[in-house]
Visitor: 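First the structure, which I've put down as structure tokens, then a few questions once you've had a look.
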Amino acid sequence: MGIVDFVLDYVTDNFGSRKKKKRKPNQVEIKVKMDCDGCERKIKNAVSSIKGVKSVKVDRKQSKVTVNGYAEPTKVLRKVESTGKKAELWPYVPYNFVAYPYVAQAYDKKAPPGYVKNAAQAFPIADAPDQRLTMMFSDENPHACSIM
């Protein structure tokens, strides 16, 4: 039945299928400065009123709001800003994802513990000669030198 299913899917996708495409749920992370429980509650109520939002998680210690659902990031950002708080999309990545965490543009004293700014200078260039040489003897490279 594999061939029949493949042909049926191909025909319905290419010749007049009127099915709605399913949207995938996304996760939006926003940085918002919150001082008290009232600020936290105000932001959570505002964001949860957006159509398509499934869950809202507020972490006041990291100044982070995580929204799961089908809402667009710009709508969520505007809704948070309508509460009177300054907000921006989450600019940080985990510390261990970055090759050079102490580059001037990546290191940020205000970043939560374990995070650095998402800067292009912090990520290695794939075609750099030093990167190729280090990957030649890496344990993660399946084609690495096996003499060791």
Side-chain angles (χ1 to χ4, degrees), residues 5-6 8-10 12-145 148:
D5 291 334
F6 174 76
L8 184 63
D9 288 341
Y10 180 78
T12 55
D13 288 344
N14 293 329
F15 300 108
S17 173
R18 299 290 181 216
K19 286 194 249 181
K20 289 184 178 179
K21 294 197 178 207
K22 292 182 180 179
R23 293 188 304 171
K24 293 182 181 179
N26 59 352
Q27 183 175 9
V28 180
E29 295 177 332
I30 297 178
K31 178 184 174 187
V32 185
K33 178 70 175 155
M34 295 171 278
D35 300 322
C36 61
D37 291 336
C39 299
E40 189 176 327
R41 195 175 331 108
K42 186 191 298 186
I43 290 171
K44 189 170 185 173
N45 289 339
V47 172
S48 63
S49 68
I50 298 173
K51 183 179 177 182
V53 171
K54 298 296 180 195
S55 67
V56 179
K57 181 182 172 193
V58 179
D59 187 1
R60 187 169 59 189
K61 186 176 181 181
Q62 288 187 345
S63 300
K64 181 179 183 180
V65 177
T66 306
V67 179
N68 293 318
Y70 299 98
E72 294 179 19
T74 54
K75 284 185 179 181
V76 175
L77 188 63
R78 276 189 269 137
K79 193 68 166 183
V80 170
E81 288 176 343
S82 72
T83 62
K85 296 287 183 183
K86 184 179 176 187
E88 62 180 315
L89 291 176
W90 188 251
Y92 303 116
V93 294
Y95 182 83
N96 55 357
F97 286 173
V98 179
Y100 311 110
Y102 293 106
V103 173
Q105 289 81 12
Y107 184 71
D108 187 10
K109 291 180 183 178
K110 296 178 184 176
Y115 287 92
V116 293
K117 272 208 168 178
N118 190 6
Q121 293 84 358
F123 294 101
I125 300 170
D127 296 336
D130 62 339
Q131 186 67 22
R132 284 186 295 184
L133 291 175
T134 56
M135 283 303 291
M136 187 181 301
F137 297 102
S138 172
D139 290 337
E140 297 172 4
N141 185 359
H143 306 292
C145 180
M148 295 194 269

Visitor: Name each donor-acceptor pair under 3.5 Å that joins a side chain in residues 73-91 to protein atoms two or more places apart or in another chain, with its distance.
Guide:
residue: S82; atom: OG; partner: K79; partner atom: O; Å: 2.5
residue: T83; atom: OG1; partner: V80; partner atom: O; Å: 2.5
residue: W90; atom: NE1; partner: Y92; partner atom: O; Å: 3.3

Visitor: What pairs with D37 under side chain to side chain donor-acceptor pair (under 3.5 Å), at least two apart in sequence or on another chain?
Guide: R60
Visitor: Does Q62 have any side chain to side chain donor-acceptor pair (under 3.5 Å) partners at least two apart in sequence or in another chain, and if so, which?
Guide: none
Visitor: Is it the case that atom NZ in K42 sees more than 12 heavy atoms from other parts of the structure closer than 6.0 Å?
Guide: no
Visitor: Which residue pairs pass the ring pair (Phe, Tyr, Trp, His ring centres under 6.0 Å) test with at least one member in residues 38-86, sequence neighbours excluded?
Guide: none
Visitor: Could I get the full list of side chain to side chain contact (heavy atoms under 4.5 Å, CB included) partners for P94, not counting sequence neighbours?
Guide: N96, F97, Y115
Visitor: Throw together a table of side-chain donor-acceptor distances under 3.5 angstrom for residues 44-59, partners on residues two or more places apart or in other chains.
Guide:
residue: N45; atom: ND2; partner: R41; partner atom: O; Å: 3.3
residue: S48; atom: OG; partner: K44; partner atom: O; Å: 2.9
residue: S48; atom: OG; partner: N45; partner atom: O; Å: 3.2
residue: S49; atom: OG; partner: A46; partner atom: O; Å: 2.6
residue: S55; atom: OG; partner: N68; partner atom: ND2; Å: 3.3
residue: D59; atom: OD1; partner: K61; partner atom: N; Å: 3.4

